[in-house]
Amino acid sequence: MSNNDHLVRFVDIQKSYDGESLVVKNLNLDVAKGEFLTMLGPSGSGKTTCLMMLAGFEPATHGEIYLNEQPINKVPPHKRGIGMVFQNYALFPHMTVAENLAFPLEVRHMDKSEREQRVNRALDMVQLGAFGDRRPAQLSGGQAQRVAVARSLVFDPDLVLMDEPLGALDKNLREQMQYEIKHIHENLGLTVVYVTHDQSEALTMSNRIAVFDDGIIQQCAPPEVLYEEPENAFCANFIGENNRFLGEVKEDNGDTVKVEIENHATVVAKKVNVGGVGDRSTLSLRPERVTVNPEPGSVPNIFSGLAEELIYLGDHIRTRFTVLGHDDFIVKIPNSAVHAHLKEGDTVNIGWNAEDCRALDPSD
Amino acid sequence: MSTAPATVDGPLITADGIPLKESLQKSLRRSKIRAVLLVAPPLLFLIFLFIIPIGNMLTRSVDDKLINEVFPNTFEAFEAWDKVSEPSEEMFAAVYQDLKAASKTEIGKSSVRMNYAKPGWRSLIKVTARKIKKMEPPYKEAFLKAEGRWADTEFWLSLGIMKDKRTMGYYLNAVDRTYDFDKNVIHVDENRKVYNLLWWRTIQVSIIVTLACLLLAYPVSYLLATLPMRIANLLMICVLMPFWTSLLVRIVAWMIMLQQNGVVNDTLVAAGILSDENRLAMMYNFNGTVIVMTQILLPFMILPIFSVMKTIPPSYMKAAQNLGATPTLAFIRVYMPQTIPGIGAGCILVFIVAIGYYITPELVGGKDGRLIGNMVAYHMQRSLNWGLAAAMGTILLIVILVLYWIYDKIIGIDNMKMG
């Protein structure tokens, strides 16, 4: 792959605040031009630190960051020309919305007429054309959010960073803003690096998601790959819902493995991230990939399950089973005529394909 | 459908027929009584120790009643007099009557007041009063015999200044002006002018001290607000420590530092920066007052500015830099404007305290470091000219209120943050 397609490159980045522990451990990550890349992870996983290093507010302890193939470790933040949306928007409270937007243009010594033109264009883009004279305190959360986005874009940066920009909004507004940001990204051909701990946000917006944990990128892949084919137990667990079994590999058949769960039952699973016979492994299975009352012989894994709890959720019924000694086995049963209606206390057969059950590393 | 039993145009009533308003009042009564009880002690405190004394001060600064009550006949006779001819027998008789009727203390107090109008009155009245018992008509002769100065018509003319029950005389005195005998406002003699200079100096010192405090407090507050908690706390203790130390101890400490043979001068001489005969005069003058007042009032500036800075998230500075402003520009354009409420509160606080300051100038001010506050104290304690002290106090109060009003117009009191 040619390096020219990359707007941002992190090369061997390490970061430590106290000289004793690493917050970011050897990060290598390329962001392509026009890409929407999300850094996803729990708090303390190092994702915000990476963003701050890219913006220039934190120096990298080791390694080099390249922007347009230029090393930028020694470039101060105000010369990097990167747009940024902060977690709490950081709109200057003593300036009006229009003045906030004009600020980056003013410090770039742009003349007044062009400034006004650009400010108006940016405000129109986020549908706040009439709000130029308001103060940030007079805006609702969603409006402030839009102004913050407009301000980060008004000076035409190639790269925009967003640090959990939707965290303070309520659920409906958050979903609406997700689409708006996504459309702005598509329409302007921007490159966006987005930080969040909200997996659904990441899945909705991103071209690629880098899952962070403990200062390491666990997996960096498009959303569908990340959900369908998690490479390790952390990703499987962090993205989406997930049934887990811990066991020991008994038989290695190349593509599949047979894993013995603690109470001696054996499950056939897809070999993804596991060693050979004798190693421990976490099996990961999505709740929607489990069939209730499968035809005998249609799937390799059929076990009997006791329905413990049923929660009616409209489009599906979320059912908790006890299976193979685990009482937290979740199955999403679609609410359709074909499916038998279970009651609590019923014992039924449930089964799944070897393809859908991924044998991963035995984390924790 | 609502089931509220309200008619279309009648007042709303509750289910049991009592008007809604009355019901609401009743339900709120308990909490209202509690609120009143809670507020009562500070309110009484304010009334007795603040509002009444201030009212008293305001009346005292214009009050001239006493003299009219002690010398009613004299003033009547004075009104009848043509102000040109020799004082007549009737006028002396009137004074005789008044002096005879008045008590000793009344005469004493009045004579002090009369002395402000024309120096000499006090001894004149005193001597005359002592001999009043043995006097017989004709009184003019008897008075002139007792005190030759009664022939001086100026004493009689000066009564014109005192004939009203209200006077602006004290206010005029407070700005180096006075009434002539026809109640025209005139300047006092050049060699008796003191107050204008003091007012000017007080304003000057207050402004210098306020600016010096601002200059010193701003960086300290910034450090306090931005340093890591542990260091900031230590620094905060350093700021507050002088606050907890007795004012007198601090002033004495400064005396040791600043005097001719003090630590600062000794160090400068020892370092060869000053020669021994050129030691700096930093005490018992203007400089002493400014230096010590700045140090004492510094926490009043630091605390409000700090408390405002504490609320400014660091993300504003980051955002400004991210948008392309150099750190300096970001500081000036984004950080500083947000600290204005703190600056305003600090400045107004320091200025108000400084303008009425009195202990420090008294102890380290020397002759040309005295402020108007010292004059108020002097007239309260030594000369006992409470009217003048009250007038000066009132002028101080007015200056402060005007400042407050200007502040409200420019920045808005709502924006003031004391901490």
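Worth saying up front: this structure is predicted, and the values here are computed from it rather than measured. All heavy atoms count here, side chains included; hydrogens, waters and symmetry mates do not. Within every chain, numbering begins at 1; the chains are lettered A, B, ... in the order of the sequence lines, protein sequences first and strands thereafter.
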Validation row: A:Pro93, B:Gln338 side chains within 4.5 angstrom (heavy atoms): yes

Close side-chain approach of A:Glu106 and B:Arg333, heavy atoms under 4.5 Å: yes

Top contributor to chain A contacts, counting heavy-atom pairs under 4.5 Å, from B:Ser315, B:Pro327, B:Ala319: B:Ala319

B:Asn322 (side chain) donor-acceptor with A:Ile82 (main chain) under 3.5 angstrom: yes

Check whether more than 12 heavy atoms from other residues, nucleotides or ligands sit under 6.0 Å from atom [atom1] of [X], and answer yes or no.
| X | atom1 | value |
| --- | --- | --- |
| A:His183 | NE2 | yes |
| A:Asp133 | CG | no |
| A:Tyr179 | OH | no |

Mind listing the closest non-hydrogen atom pair of [X] and [Y] along with its distance?
| X | Y | value |
| --- | --- | --- |
| A:Arg108 | B:Leu323 | NH1-O, 2.6 Å |
| B:Pro337 | A:His94 | CB-CD2, 3.3 Å |
| B:Tyr316 | A:Phe92 | O-CE2, 3.5 Å |

Per-residue contact mode, A:Arg80 against chain B (heavy atom under 4.5 angstrom): neither

A:Leu161 portion near chain B, given a 4.5 angstrom heavy-atom threshold: neither

Among the listed options A:Met52, A:Lys79, A:Arg151, the residue most often paired with chain B at heavy-atom distances under 4.5 Å: A:Arg151

Approximate separation, where rounding is to 0.5 Å, of B:Gln321 CD and A:Met84 CE: 12.0 Å

